[in-house]
J.: 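Structure provided below as structure tokens; questions to follow.
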Amino acid sequence: MDYNFLDIEKKWQAYWAEHHTFEVKTDPSKPKYYVLDMFPYPSGAGLHVGHPLGYIASDIYSRYKRLKGFNVLHPMGYDAFGLPAEQYAIQTGQHPAITTRDNIARYRQQMDRIGFSYDWSREVRTCSPEYYKWTQWAFIQMFNHWYNPETNKAEPIDTLVARFKAEGRWDSLSEKQQSDLLMNYRIAYQGETAVNWCPQLGTVLANDEVKEGLSIRGGFPVEQKKMKQWQLRVSAYSERLLADLDGLDWTESLKEMQRNWIGKSQGAEIVFKVSNGSEEYDMTIFTTRADTIFGVTFMVLAPESEWVDKLTTAEQKAAVEEYLLQAKKKTERERIAETRKCTGVFSGSYAVNPLTGDKVPVWISEYVLSGYGTGAIMAVPAHDSRDYAFARTFNLPIIPLIEGCDVSQESFDAKEGIMCNSGFLTGMSVKEAIPAAIDYVESKGIGKRKVNYRLRDAIFSRQRYWGEPFPIYYKNGIPTPMPLDALPLELPQVDKFLPTESGEPPLARAKNWTYEGWPVETSTMPGFAGSSAYYLRYMDPHNNEGLVGREADNYWRNVDLYIGGTEHATGHLIYARFWNKFLYDIGYVCEQEPFRKLINQGMIQGRSNFVYRVKNTNKFVSYALKDQYDTTEIHVDVNIVSNDRLDTEAFRKWRPDYADAEFILEDGEYVCGYAVEKMSKSMFNVVNPDLVCEKYGADTLRMYEMFLGPLEQSKPWDTKGIDGVHRFLRKLWRLYTDSENKFCISEEKASPAELKVLHRLIGKAQSDIENFSFNTTVSAAMIAVNELSELKCCKREILEPLIIVLSPYVPHIAEEIWQQMGHGESISFASFPEYVEAYTAEDSVTYPVQFNGKMRFTLDVAKTADRTEVEAAVRANPATEKYLQGAAIRKVIVVPGKIINIVY
RNA sequence: GCCCAGGUGGUGGAAUAGGUAGACACGCGGGACUUAAAAUCCCGUGGCCAGCAAUGGCCGUACGGGUUCGAUUCCCGUCCCGGGCACCA
């Protein structure tokens, strides 16, 4: 074998590890660059070829930046707390720490084989006490701070206590009352809230852990339940989280996702007088369409609203209670299934429209959410489709407010047109009427401008074992943080990982789960806790004094390039930004934003293969003939299929049922069908990177994953294309070796033609990598190597820069060649070659010449010629005369360097 | 329903401050070397039509219009696929 990738890769991976090649230190003499991958959850299934896609891209970029003279921080670790290990523990009794440790070992082995340039001395695991000490520390900081809306930042809770004291609202309170009061302000606080409760998992889930009323992990039903939970006051940061998006180098679609998630809307709060017949109240509602107030024909309360009790009249009491009961019984899933089915009940009370004085009924309906605005709305059926549907169902009046709009079939929701039926607003456009209406209610003292956000506080408790324990104990029932020197509060041993018989979380099973005799919090933190500040820990992973030291933070600052999946858009990426901003507020870190540039790598999908079994037989019919039979489509392991041709012998051995399978072939072969699906075990389409490395080598794998297509795009993995890349590497190897596989390199001066090939590649590779267009660089490299091998070039002057340019992509082969060339140091310490136009540039440009847009011939014109000289040259050319056939030229269009078009 | 991204050969994909569409690779067909296989190398490969041939013509970047000497690229409309949000007043 000529190019022995197995030996080469083994050799250099060992060399890098032994020489600590990729370990970095803060070095103020060099510019820093921080490249981060979203760290993985180490699942039991190991890595498939889809997982390393982003890691390969970030590794290439890291290696490139090192060649460009940057001090590159490129770390890796594990997001190691999580449900699968815990579920496994419940089933088997195996401690999640053991499962996790084993899975991590497997991940590490698989990653090492691909030749990543991680600084493993900085590895973090979220489940290790040395790490989660700082997660707990941050939680205590959040507990001890409040958000001051005047200064727009977090401040120590003492400043708030001082205010209360000054206002005389403090000293008279009991300790318990003081604690309850402060809970309303703390950034990390405990509060009663409706949560997604999953009985089967025995825990609370975040919204992004629930899909269509089922848990993402396990697919169990999830119901709404009111519970006292730890929460993080993320909503306080809404405006900053929104505004600071503008300065980030993220894709527009991802920023848009976050903007929608934060959901800023500007409107007004307006006060309506409401009366249940005996008592009158002021009820505040929120609207973005103050202009439509003349069309209010009823009001609606959320079923959970506190107004429901006050406004339900004696006559309606039975009906309302019945309705509330029905609403409560419904699971989230049923509510979703019944979307747009109108339900509701009349409360018996009436509200008075503050502008018209009209009396309108107050209804109660599920379509109004308690968590947004004030949990009560003014309904304008003519101009809101939800109000419209409700009005139609319950036969409530609909008053159109915009000239010429037709509301007989549907509402007119657009914010355009001229107002009518609207008192002093009549005649204005909607755009004028909105501020005019708000100005009016403000001047009358019955309302004010108001901005609302959809972003909710994050629920931070999970009733699980495998997470960070809260460093909180209950002194006389008052939640109290532990002193910092008590951290880390380590996870205790428990006999089982299930909730207790009385429904308490698993930590309640721990013996002596107390602090100074007081009970300790039994819930644990959610998955996003550990992943919210891990990028800071990498900067200074062994610091015992703090999460990150000041010097390290000042040097590394924040992540320059973050690569990971788009599935974290509204979870991790919001929480980490929030967490970072909090640490910034308390003066702990020097940057407001954690991730400057973000790239979302696409998913690599599986390419599944099918065989077609003739029903009730053990015969399998080839793809083209399957329509002649009644068949069942069956997934077949892609590892026994090559180029869609089934290895029939391997198939018989695959499963006992198929041992005596018969085949109906076409042209002597069994052709399989295929489909692009998610890569998963159940579809038998998982391709393991270890096997690819075994067969083709890590360099081939790395390059092929890039060659597959643009990084951001989802694309199917198809192993058959890998041969082309592998062939390229062999060709590259042969540039440097003779027919006996002996290394040979010439010290001769390079020719202009050779230099041209090299310089074109350098130019392309550099601009491509800066644009993260890795796939086209691979193509350019193939072209360059083809041309050089045609030129039989084996000169150092060409081949040395060439191998440096390619080294980020194929580091093992590059190291080997670099060493063979006589260098003592790793190629990682080389510098990226400069593009120098050393070859004699051609002195003429070849123009394609078009006639009325049709390409006819080419013309060489001096490079220095300007537009008029080019035009003169083409007019004088005899071929022009020939194609004109006597017609007169109307216009000659010359695009310098590109094209000439003659219009006649 | 709303928001975002996209639609190019048999396949993955190149090329967009408007300028020879299909780079590069896979697959396929043919050939060379070989006892044979593997490996390697060479030639062809969007469709249709004409020609013994070199070659020439027409059509082609989801569909229909528009702007332009010239549109995969810009504008308007339609259809389709993917992603996100989904009673947020």
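Naming convention: chains lettered A, B, ... in sequence-line order (proteins, then strands); numbering from 1 in each chain.
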J.: Categorize A:P716 for me: base, sugar-phosphate, or nothing, with a 4.0 angstrom heavy-atom threshold over every strand shown.
T.: nothing
J.: Tell which nucleotide pairs with B:C63, taking only Watson-Crick or G-U wobble pairs whose two distances are both under 3.5 angstrom.
T.: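 Paired with B:C63, as far as the under-3.5 Å criterion goes, is B:G77.
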J.: Expressed in whole Å, how much space separates the P atoms belonging to B:A86 and B:G77?
T.: 28 Å
J.: Starting the side chain at C-beta, find the nucleotide from B:A86, B:G13, B:C24 nearest to A:R454.
T.: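 Selected nucleotide (nearest to the side chain): B:A86.
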J.: Under a 3.5 Å cut-off for both distances, is B:A32 Watson-Crick or wobble paired, and to whom?
T.: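 With both distances under 3.5 Å, B:A32 matches B:U40.
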J.: Are A:S608 and A:E677 linked by a side-chain donor-acceptor pair shorter than 3.5 Å?
T.: yes
J.: In sequence, state the C-alpha distance, the side-chain angles, and the governing distance for A:D768 and A:K764, and then conclude on salt bridge (charged side-chain N to carboxylate O under 4.0 Å, His left out).
T.: CA-CA 6 Å; A:D768 278 354; A:K764 177 92 176 129; 3.3 Å; yes
J.: Base, sugar-phosphate, or nothing: which does A:I783 touch, judged by heavy atoms less than 4.0 Å apart?
T.: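 Contact class for A:I783: sugar-phosphate only.
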J.: Testing the 3.5 Å rule here: is there a donor-acceptor pair between the side chains of A:Y367 and A:D387?
T.: yes
J.: Using every non-hydrogen atom in the two residues, find where A:Y904 and A:A888 come nearest and quote the distance to one decimal.
T.: CB-O, 3.2 Å
J.: Give none if B:A89 has no partner; otherwise give the nucleotide forming a Watson-Crick or G-U wobble pair with it, both distances under 3.5 Å.
T.: none
J.: Can you tell me the Watson-Crick or wobble partner of B:C2, both distances under 3.5 angstrom?
T.: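 WC or wobble partner is B:G84.
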J.: Glycosidic conformation of B:G56, syn or anti, with 90° from 0 as the boundary?
T.: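 Anti.
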J.: Between A:W717 and A:Y704 (judged by ring centroids, cut-off 6.0 Å), do the two rings come close enough to count as a pair?
T.: yes
J.: In whole Å, measure the gap between the C1' atoms of B:G83 and B:C74 for me.
T.: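 Nearest-Å result for B:G83 against B:C74 at atom C1': 26 Å.
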J.: Any strand is fair game: report the nucleotide pairing with B:U68 by Watson-Crick or G-U wobble, both distances under 3.5 Å, or none.
T.: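 B:U68 is unpaired by these criteria.
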J.: Expressed in angstrom and rounded to an integer, what is the separation of A:H726 atom NE2 from B:C26 atom P?
T.: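 It is 13 Å, rounded to the nearest whole Å.
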J.: Whole-Å distance between B:C26 P and A:F707 CZ?
T.: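 About 8 Å, once rounded to whole Å.
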J.: Do A:H726 and A:T700 have side-chain atoms, one donor and one acceptor, less than 3.5 Å apart?
T.: yes
J.: Any idea which of B:G13, B:A86, B:A89 is nearest the A:N775 side chain?
T.: B:G13
J.: Out of B:G13, B:A15, B:A89, which has the shortest distance to the side chain of A:T776?
T.: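 From the listed options, B:A15 comes nearest.
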J.: Whole angstrom is fine here: how far is it from CG in A:D723 over to P in B:C28?
T.: 11 Å
J.: Rounded to whole Å, how long is the line connecting atom CD of A:Q713 with atom P of B:C81?
T.: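 Taking atom P of B:C81 as the reference, CD of A:Q713 is at 18 Å.
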J.: Check every strand shown and say whether A:D387 touches a base, only sugar-phosphate, or nothing at a heavy-atom separation below 4.0 Å.
T.: nothing
J.: Nearest to the side chain of A:P710, which nucleotide is it out of B:G13, B:G19, B:U40?
T.: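 Of the options given, the side chain of A:P710 lies nearest B:G13.
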J.: Side-chain donor-acceptor pair under 3.5 Å between A:S773 and A:N771, yes or no?
T.: no
J.: Between B:C28 and B:G22, how far is it from one P atom to the other, in whole Å?
T.: 24 Å
J.: Across the strands shown, which category fits A:R856 at heavy-atom distances under 4.0 angstrom: base, sugar-phosphate, nothing?
T.: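 Contact class for A:R856: sugar-phosphate only.
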J.: Under 4.0 Å between a side-chain N or O of A:Y367 and OP1 or OP2 of B:A89?
T.: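 A:Y367 to B:A89 OP1/OP2: no side-chain N or O under 4.0 Å.
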J.: Can you tell me how far C1' of B:G13 sits from NZ of A:K720, to the nearest Å?
T.: 14 Å
J.: What's the gap between B:G70 and B:C79 when it is taken at their P atoms, as a whole Å value?
T.: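 It comes out at 29 Å once rounded to the nearest Å.
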J.: Measure across A:T880 and A:F857 and return the closest heavy-atom pair with its distance rounded to 0.1 Å.
T.: OG1-CZ, 3.8 Å
J.: Counting heavy atoms from C-beta on, name the nucleotide in B:C41, B:G19, B:G12 closest to the side chain of A:R734.
T.: B:C41
J.: Name the one of A:L701, A:L53, A:T776 that satisfies side-chain contact (heavy atoms from CB on, under 4.5 Å) with A:M706?
T.: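 The side-chain contact (heavy atoms from CB on, under 4.5 Å) with A:M706 is passed solely by A:L53 among A:L701, A:L53, A:T776.
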J.: Tell me what A:V380 touches on the nucleic acid: a base, only sugar-phosphate, or nothing, going by heavy atoms under 4.0 Å.
T.: nothing
J.: Given A:R607, which of A:N685, A:D644, A:T719 fulfils the side-chain hydrogen bond (donor to acceptor under 3.5 Å, both in side chains) condition?
T.: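 Result: among A:N685, A:D644, A:T719, A:D644 is the only option passing the side-chain hydrogen bond (donor to acceptor under 3.5 Å, both in side chains) with A:R607.
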J.: B:A89 P sits how many Å from A:D291 CG, rounded?
T.: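 Atom CG in A:D291 sits about 14 Å away from atom P in B:A89.
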J.: What are the two closest non-hydrogen atoms of A:T570 and A:M257, and how far apart are they?
T.: CG2-O, 4.1 Å
J.: Side chain of A:R730 only, heavy atoms from C-beta on: which candidate in B:C41, B:A89, B:A39 is closest?
T.: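 The listed nucleotide nearest to A:R730's side chain is B:A39.
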J.: In whole angstrom, give the distance that lies between atom CG of A:D644 and atom P of B:C28.
T.: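 It is 10 Å, rounded to the nearest whole Å.
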J.: With a 6.0 Å cut-off on the ring centroids, do A:F610 and A:Y674 count as close?
T.: no
J.: Is the distance between the ring centroids of A:F298 and A:F394 under 6.0 Å?
T.: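 No: the rings miss the under 6.0 Å criterion.
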J.: Between A:S265 and B:A89, is there a side-chain N or O to OP1/OP2 distance below 4.0 Å?
T.: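 A:S265 to B:A89 OP1/OP2: side-chain N or O found under 4.0 Å.
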J.: Of all heavy-atom pairs between A:D457 and A:V234, which one has the smallest distance, and what is that distance?
T.: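 Where A:D457 meets A:V234 most closely, the heavy atoms are OD1-N, 3.3 Å.
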J.: Identify the heavy atoms of A:V368 and A:A302 that sit nearest to each other, and give their distance.
T.: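 Of all heavy-atom pairs spanning A:V368 and A:A302, the closest is O-CB, 3.2 Å.
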J.: Heavy atoms under 4.0 Å is the rule here; annotate nucleotides 3-9 of chain B 5' to 3' with B where the base is hit, S where only the sugar-phosphate is, and - elsewhere.
T.: SS-----
J.: Scan every strand shown for a Watson-Crick or G-U wobble partner of B:U45, both distances under 3.5 Å, and answer none if you come up empty.
T.: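 Here B:U45 is engaged in a pair, and the nucleotide opposite it is B:G27.
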J.: Could you check which nucleotide pairs with B:U55 in any of the strands shown, counting Watson-Crick or G-U wobble with both distances under 3.5 Å?
T.: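 Matched B:U55 with B:A50 under the 3.5 Å cut-off.
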J.: Would you measure the distance from the P atom in B:C43 across to the matching atom in B:C48 and give it in whole Å?
T.: 24 Å
J.: Let's see if you get this right: which residues in residues 763-771 of chain A place a heavy atom under 4.0 Å from RNA chain B?
T.: none
J.: Write down the protein N/O and nucleotide N/O pairs, taken from nucleotides 66-71 of chain B, whose separation is under 3.5 Å; answer none if there are no such pairs.
T.:
from, atom 1, to, atom 2, distance (Å)
B:C69, O2, A:N901, ND2, 2.1

J.: How many whole angstroms separate atom CD of A:E669 from atom C1' of B:C28?
T.: 12 Å
J.: Side-chain N or O of A:R259 versus OP1/OP2 of B:G84: is the shortest distance under 4.0 Å?
T.: no
J.: Are A:Y3 and A:F5 an aromatic pair by the rule of ring centers under 6.0 Å?
T.: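 Yes, the ring centres sit under 6.0 Å apart.
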J.: Quote, to the nearest angstrom, the P distance that separates B:C3 from B:G60.
T.: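 Comparing P positions in B:C3 and B:G60 gives a spacing of 33 Å.
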J.: With rounding to the closest Å, how many angstrom separate the C1' atoms on B:C52 and B:A62?
T.: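 Here B:C52 and B:A62 have their C1' atoms 40 Å from each other.
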J.: If you pin A:V725 and A:T858 to their nearest nucleotides in RNA chain B, which one's is more 5'?
T.: A:T858
J.: Both A:N786 and A:E790 contact RNA chain B. Which one's nearest nucleotide lies toward the 5' end?
T.: A:N786
J.: I want to verify a distance call: between B:A89, B:C41, B:G19, whose nearest atom is closest to the A:I899 side chain?
T.: B:G19
J.: In whole Å, measure the gap between the C1' atoms of B:G27 and B:G84 for me.
T.: 36 Å
